[in-house]
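Below you'll find the structure, written out as structure tokens, and then a few comments.
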Amino acid sequence: RKVQVKDPENNPNQGFALVFSDVIRTRRRDLGMSQRELARRLDVTPASVSYFESGQRVPSVTTFIKIKNILEWSTRDCLKVIGSLNECKE
């Protein structure tokens, strides 16, 4: 299943944490992975994964890269999300 990124034009206040939370949750579920399994592979607590998925916290750059790789999120799709957020700020 393709990850659907929310349209920033419809919600210009949408931040990276909220977009990223949708991606993490969708990709993890699509891969049949539990929060506990993702946490184990990231070497973080399951609570941290929950915070990332709820948009309450943003992972460090190192953890972000691990998440991207574990959840098989392409660099191209990652850059699309970041680019769409930058367009909101202009």
Side-chain angles (χ1 to χ4, degrees):
R1 180 171 107 171
K2 188 169 179 136
V3 174
Q4 295 296 316
V5 176
K6 294 177 183 173
D7 183 358
E9 290 180 7
N10 291 333
N11 188 355
N13 296 320
Q14 181 178 17
F16 178 78
L18 294 177
V19 174
F20 190 60
S21 69
D22 287 344
V23 172
I24 294 173
R25 187 175 35 260
T26 301
R27 290 296 301 148
R28 179 184 59 76
R29 288 178 178 168
D30 287 350
L31 294 171
M33 189 181 301
S34 68
Q35 285 185 340
R36 185 175 300 279
E37 172 63 14
L38 179 56
R40 185 189 66 74
R41 293 180 65 182
L42 291 171
D43 196 27
V44 300
T45 65
S48 292
V49 172
S50 180
Y51 287 132
F52 300 153
E53 288 190 0
S54 66
Q56 294 177 358
R57 291 190 185 156
V58 176
S60 68
V61 172
T62 302
T63 303
F64 172 83
I65 291 168
K66 286 181 184 179
I67 291 169
K68 178 193 149 323
N69 292 333
I70 291 168
L71 298 182
E72 302 167 8
W73 190 31
S74 74
T75 300
R76 181 175 148 210
D77 287 344
C78 178
L79 292 173
K80 280 183 187 178
V81 170
I82 294 168
S84 70
L85 291 172
N86 287 334
E87 289 173 10
C88 291
K89 294 177 186 177
E90 295 176 356

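Basis for what follows: all heavy atoms, side chains included, without hydrogens, waters or symmetry-related copies.
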For the pair Thr26 (side chain) and Val23 (backbone), establish whether a donor and an acceptor sit closer than 3.5 Å, ignoring hydrogens and angles.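 No; judged by distance alone, with no hydrogens or angles, the pair does not exist.
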Check whether any side-chain N or O of Arg36 sits under 3.5 Å from a backbone N or O of Pro46 as a donor-acceptor pair, and report yes or no.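 Looks like no, no N/O pair under 3.5 Å.
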Verify the cluster assignment for Val58 and Trp73: are they in a single hydrophobic cluster under the rule of side-chain heavy atoms below 4.5 Å apart?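 Yes.
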Over all heavy atoms of both residues, which pair between [X] and [Y] is shortest? Give the atoms and the distance, please.
{"X": "Tyr51", "Y": "Gln56", "value": "CD2-OE1, 2.8 Å"}
{"X": "Gly55", "Y": "Ser21", "value": "N-CB, 3.6 Å"}
{"X": "Glu53", "Y": "Gln35", "value": "OE1-NE2, 2.8 Å"}

Quick one: are Ile24 and Leu38 in side-chain contact, heavy atoms under 4.5 Å?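 With C-beta onward as the side chain, the pair touches.
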Could you tell me whether the side chain of Ile67 reaches within less than 4.5 Å of the side chain of Arg27, counting heavy atoms only?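 A side-chain contact is absent here, since even the closest heavy-atom pair is not under 4.5 Å.
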Going from [atom1] on [X] to [atom2] on [Y], what distance comes out if it is rounded to the nearest 0.5 angstrom?
{"X": "Lys68", "Y": "Phe20", "atom1": "NZ", "atom2": "CZ", "answer": "10.0 Å"}
{"X": "Arg29", "Y": "Ser34", "atom1": "CZ", "atom2": "OG", "answer": "12.0 Å"}
{"X": "Asn69", "Y": "Leu42", "atom1": "CG", "atom2": "CG", "answer": "10.5 Å"}

With salt bridge (Lys or Arg N to Asp or Glu O under 4.0 Å) as the test, would you mind laying out the steps for Asp43 and Arg40 before giving the verdict? CA-CA 5 Å; Asp43 196 27; Arg40 185 189 66 74; over 6 Å; no
